[in-house]
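A short worksheet on the structure shown next.
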Amino acid sequence: MVTNFHMPPVGYGPGSQPEDDSFDYMSMPQDMRTFTAHFPEVDDVSGLGAALGLMAEVANAADRVARGGAPERFDLSTLDAANRGLIAETMGEGEVAMKIRSVPAIRVQESVFAGIWGLGAAGMDVIEVAQAPAQAKARAFEPVRPATPDGAGMGVVNAPPLLVELLDKSGNYRASRNVHVVNLTLLPHTEGDLAWLDKRLGLGSTDILSRGYGNCRVTATATPHVWRVQFFNSMDTLILDTFEVTDMPEVAIAAGEDLADSAARLRDVLEAIR
């Protein structure tokens, strides 16, 4: 009996593919910032009583603020270099940094203890214990670049109704209400839409960078209670782009539980120093 004979297909089977062990993998996320306890090396605490006493008071203030108390400030300008150096080494640098464009301009750096902030400016060197620095909230919407009532230009497609929504929520904002979020990532928009919204909302005085798993960049607009909040992954790719209508975006706020934990951890460090 004669049957049809078929040649095996070409390009399949062992040895048919080039041997190349090199693969182009996507870069994996890395450099996530986490808390690591740091205990300053102090051989002799004599002469450092002022720093130790002030930091003990900061820990007590963190407990009070955690329970709903008002923000508290501690002036470092009267301390000598040794005492200020111990405080700086103990506090370290945490995830959140801010720039407040005021007169004078204020730089803000959260310590490794959430809710304990270092504020520096011309004539200012203080520690503030708060969910968020009071000046960052009070001056946030002071215009660096005022909102401009430009008409719709080239490439403006979906921005006008978004602006109406944001201005309505801004004008009727109440602190007791939930945060209102406009998620640009889920909405169709053009580069012209974003540029037009930027002009119509203006630029405020507070910029925030939160570094954790990737970065979160927060910018106050010149429109009351309206913030631009952008999340980037560890490769600095924009993954979430929003406007939030609120007093201060949650990403920049230390919760009460965080402040209570900071008080306990700071006391542990002080005990180790002593």
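Any value given below was found using the heavy atoms of this structure, including those in side chains, with hydrogens, waters and symmetry copies removed.
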Close side-chain approach of [X] and [Y], heavy atoms under 4.5 Å:
X: L166; Y: T223; answer: no
X: M98; Y: V218; answer: no
X: R64; Y: L259; answer: no
X: M55; Y: I87; answer: yes
X: N83; Y: D80; answer: yes
X: W227; Y: T246; answer: yes
X: V251; Y: E244; answer: no
X: Q135; Y: K137; answer: no

About how many Å separate [atom2] of [Y] and [atom1] of [X], when rounded to the nearest 0.5 Å?
X: S205; Y: R145; atom1: OG; atom2: CZ; result: 11.5 Å
X: L76; Y: I127; atom1: CG; atom2: CD1; result: 4.5 Å
X: L201; Y: T219; atom1: CG; atom2: OG1; result: 12.0 Å
X: E95; Y: L209; atom1: CD; atom2: CG; result: 10.0 Å
X: D198; Y: L194; atom1: CG; atom2: CG; result: 8.5 Å
X: T90; Y: L266; atom1: OG1; atom2: CG; result: 7.5 Å

Could you report the tightest heavy-atom contact between [X] and [Y], atom names first, then the distance?
X: P224; Y: F141; value: CA-CG, 3.9 Å
X: R211; Y: A97; value: NH1-CB, 4.0 Å
X: A62; Y: A263; value: CB-CB, 3.8 Å
X: D75; Y: L54; value: O-CD1, 3.9 Å
X: A222; Y: P146; value: CB-CA, 4.5 Å
X: A121; Y: A105; value: CB-O, 3.2 Å

Qualifying residue, where the test is side chain to side chain contact (heavy atoms under 4.5 Å, CB included) with P160 and the options are V156, V164, L163
V156
Applying side chain to side chain contact (heavy atoms under 4.5 Å, CB included) between V182 and each of L187, T242, D241, report the one that passes.
L187
Taking atom CZ of R107 as the centre, report whether more than 12 heavy atoms of other residues, nucleotides or ligands fall under 6.0 Å from it.
no
Determine whether more than 12 heavy atoms belonging to other residues, nucleotides or ligands lie under 6.0 Å from atom CG of D236.
yes
Side-chain donor-acceptor pair present, E165, H180, cut-off under 3.5 Å
yes
Distance only, no hydrogens: is a donor on one side chain within 3.5 Å (strictly under) of an acceptor on the other, for N60 and D63?
no
Hydrophobic cluster membership, [X] vs [Y], 4.5 Å side-chain cutoff:
X: L79; Y: L48; result: yes
X: I208; Y: F231; result: yes
X: I239; Y: V229; result: yes
X: V226; Y: L162; result: yes
X: I253; Y: V245; result: no

Do any N or O atoms from the side chain of [X] and from the backbone of [Y] form a donor-acceptor pair under 3.5 angstrom?
X: T221; Y: L203; value: no
X: E72; Y: V65; value: no
X: Y173; Y: D247; value: yes
X: S111; Y: W117; value: no
X: D193; Y: N158; value: yes
X: T206; Y: I100; value: no
X: Q109; Y: V96; value: yes
X: N172; Y: D168; value: yes
X: S210; Y: C216; value: no

Evaluation steps, side-chain contact (heavy atoms from CB on, under 4.5 Å), between F113 and V58
CA-CA 11 Å; F113 306 99; V58 168; over 6 Å; no
Side-chain ion pair, R265 and D261, N-O less than 4.0 Å:
yes
Taking NZ, NE, NH1 and NH2 as the nitrogens, is one of them in E128 or R73 under 4.0 Å from a carboxylate oxygen of the other?
yes
Begin from the C-alpha positions of L86 and L52 and carry the test side-chain contact (heavy atoms from CB on, under 4.5 Å) through to its verdict.
CA-CA 9 Å; L86 176 60; L52 296 173; 4.1 Å; yes
Determine, stepwise, if the pair V108 / I106 fulfils side-chain contact (heavy atoms from CB on, under 4.5 Å).
CA-CA 6 Å; V108 180; I106 302 172; 4.1 Å; yes
Distance to the ring centre below 6.0 angstrom and angle to the axis at most 45 degrees; does that hold for R217 and F232?
yes
Might you work through the side-chain contact (heavy atoms from CB on, under 4.5 Å) test for M124 and L119, ending with a clear yes or no?
CA-CA 7 Å; M124 175 192 296; L119 280 68; 4.0 Å; yes
